[in-house]
Undergrad: 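This is the structure, below, for whatever I ask next.
Computed from a prediction, not measured in an experiment: that's the story for all the values here. Along the sequence shown, residues are numbered consecutively beginning with 1.
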Amino acid sequence: MSEQDQHFLNLAIEEAKKGVSEGGIPIGAVLVSKDGKVLGSGHNKRVQQGSTVLHGEMDALENAGRLPGSAYKGATMYTTLSPCDMCSGACLLYGVSRVVLGENETFQGNEQYLQSRGVEVVNLNSADCKKLMADFIAEKPQLWNEDIGI
């Protein structure tokens, strides 16, 4: 794990902690340009905003604002949890070339599809990310099941 990957994953973890402190789901994300600039960061706000689509990655993209397509080329999406189909699709739509995830044991999204479309996927297997999710699921299993569509 590079220092840069750990740094940006830590920012995503801080976003996930914000989500928990707001009564939401602990999933955070940070979109970083190819030159290491944070373009946007966010966290899952489905509960807080009554949203069906504001997963962490979607919130990070939303908070990046309107950008030219070139801004996403070579960008990396850091996310505390493997991205779902919707978030994977958004990364593909905008041409994000790398997705770094904190873990995929709690939930495994569509990593193979991302890879089949040329996206580099890196799993940092973070104990901190696993603990955030395990603690949350133990406390609020119904909310977690709702978030993943069960």
Undergrad: Please walk me through it: do E57 and T79 pass side-chain hydrogen bond (donor to acceptor under 3.5 Å, both in side chains)?
TA: CA-CA 7 Å; E57 300 89 340; T79 179; 2.8 Å; yes
Undergrad: Only counting residues at least two apart or in another chain, list the ones meeting side-chain contact (heavy atoms from CB on, under 4.5 Å) with S126.
TA: L9, I13, D128, C129
Undergrad: May I ask whether M133 and F107 are part of the same hydrophobic cluster, defined by side-chain heavy atoms of I, L, V, M, F, W, Y residues being less than 4.5 angstrom apart, directly or through others?
TA: yes
Undergrad: For residues A16 and G28, report the shortest heavy-atom separation together with the two atoms involved.
TA: CB-N, 3.6 Å
Undergrad: Just how far is it from atom CD1 of I137 to atom CD of Q142, taken to the nearest 0.5 Å?
TA: 12.0 Å
Undergrad: Minimum heavy-atom separation for H55 to C84, with atom names?
TA: ND1-SG, 3.3 Å
Undergrad: Might you work through the side-chain contact (heavy atoms from CB on, under 4.5 Å) test for K45 and V47, ending with a clear yes or no?
TA: CA-CA 5 Å; K45 292 181 181 167; V47 174; over 6 Å; no
Undergrad: What's the separation between atom CG in L114 and atom CE in M77, rounded to the nearest 0.5 Å?
TA: 10.5 Å
Undergrad: Roughly how far, to the nearest 0.5 Å, is CG of L11 from OG1 of T80?
TA: 12.0 Å
Undergrad: For a quick test of reading the model, state the closest non-hydrogen atom pair linking E111 to S82 and the distance between them.
TA: OE2-OG, 2.6 Å
Undergrad: Count the heavy atoms of every other residue, nucleotide or ligand shown that sit under 6.0 Å from CD of E62, and state whether that count exceeds 12.
TA: no
Undergrad: Quick one: pull up CD1 in I25 and CG in N44 and give me the separation to the nearest 0.5 Å.
TA: 4.5 Å
Undergrad: Just checking, is any N or O donor in the side chain of D85 or Y113 under 3.5 Å from an acceptor N or O on the other one?
TA: no
Undergrad: I'd like to know if the side chain of S41 and the backbone of V30 have a donor-acceptor N/O pair within less than 3.5 Å.
TA: no
Undergrad: Please say yes or no: joined through hydrophobic side-chain contacts below 4.5 Å, possibly via intermediate residues, are L81 and M58 part of one cluster?
TA: no
Undergrad: If you define the side chain from C-beta out and look only at heavy atoms, does anything of D5 sit under 4.5 Å from Y78?
TA: yes
Undergrad: Are L132 and L124 linked, directly or through other ILVMFWY residues, by side chains that come within less than 4.5 angstrom of each other?
TA: yes
Undergrad: Using 0.5 Å steps for rounding, measure from the SG atom of C87 to the CG atom of L93.
TA: 12.5 Å
Undergrad: Honestly curious: do V32 and L39 fall in one hydrophobic cluster under the side-chain, below-4.5 Å linking rule?
TA: no
Undergrad: For P83 and S88, which heavy atoms make the closest approach, and how far apart are they?
TA: O-OG, 3.3 Å
Undergrad: Have a look at K18 and tell me which of E14, E22, E15 forms a salt bridge (Lys or Arg N to Asp or Glu O under 4.0 Å) with it.
TA: E15
Undergrad: Can you give me the closest heavy-atom contact between D59 and G42, atom names plus distance?
TA: OD2-CA, 3.1 Å
Undergrad: Please name all residues satisfying salt bridge (Lys or Arg N to Asp or Glu O under 4.0 Å) with K131, sequence neighbours left out, ordered by chain then number.
TA: D135
Undergrad: Quick one: does L101's side chain get under 4.5 Å of V122's, heavy atoms only?
TA: no
Undergrad: Find the distance between OG (S97) and CZ (R117) and round it off to the nearest 0.5 Å.
TA: 13.5 Å
Undergrad: Before you tell me yes or no, could you show the steps for F136 and I27 under side-chain contact (heavy atoms from CB on, under 4.5 Å), namely the whole-Å CA-CA distance, both residues' side-chain angles and the distance that decides it to 0.1 Å?
TA: CA-CA 10 Å; F136 174 76; I27 302 170; over 6 Å; no
Undergrad: Residues two or more places apart in sequence or in another chain: which of them pass side-chain contact (heavy atoms from CB on, under 4.5 Å) with K130?
TA: E103, E105, N125
Undergrad: Walk me through it: do K140 and W144 pass the test side-chain contact (heavy atoms from CB on, under 4.5 Å)?
TA: CA-CA 6 Å; K140 298 181 179 178; W144 169 244; over 6 Å; no
Undergrad: Please find the pair of heavy atoms, one from L31 and one from A75, that lie closest to each other, and give the distance.
TA: CD1-CB, 4.1 Å
Undergrad: Do other residues, nucleotides or ligands put more than 12 heavy atoms under 6.0 Å from the OH atom of Y94?
TA: no
Undergrad: Under 4.5 Å between side-chain heavy atoms, counting indirect links through other Ile/Leu/Val/Met/Phe/Trp/Tyr residues: same cluster for L54 and V20 or not?
TA: no
Undergrad: Can you list the steps and then say if V96 with K73 is a side-chain contact (heavy atoms from CB on, under 4.5 Å)?
TA: CA-CA 6 Å; V96 172; K73 305 304 181 219; over 6 Å; no
Undergrad: Between Q6 and N10, do the side chains contain an N or O donor and an N or O acceptor separated by less than 3.5 Å?
TA: yes
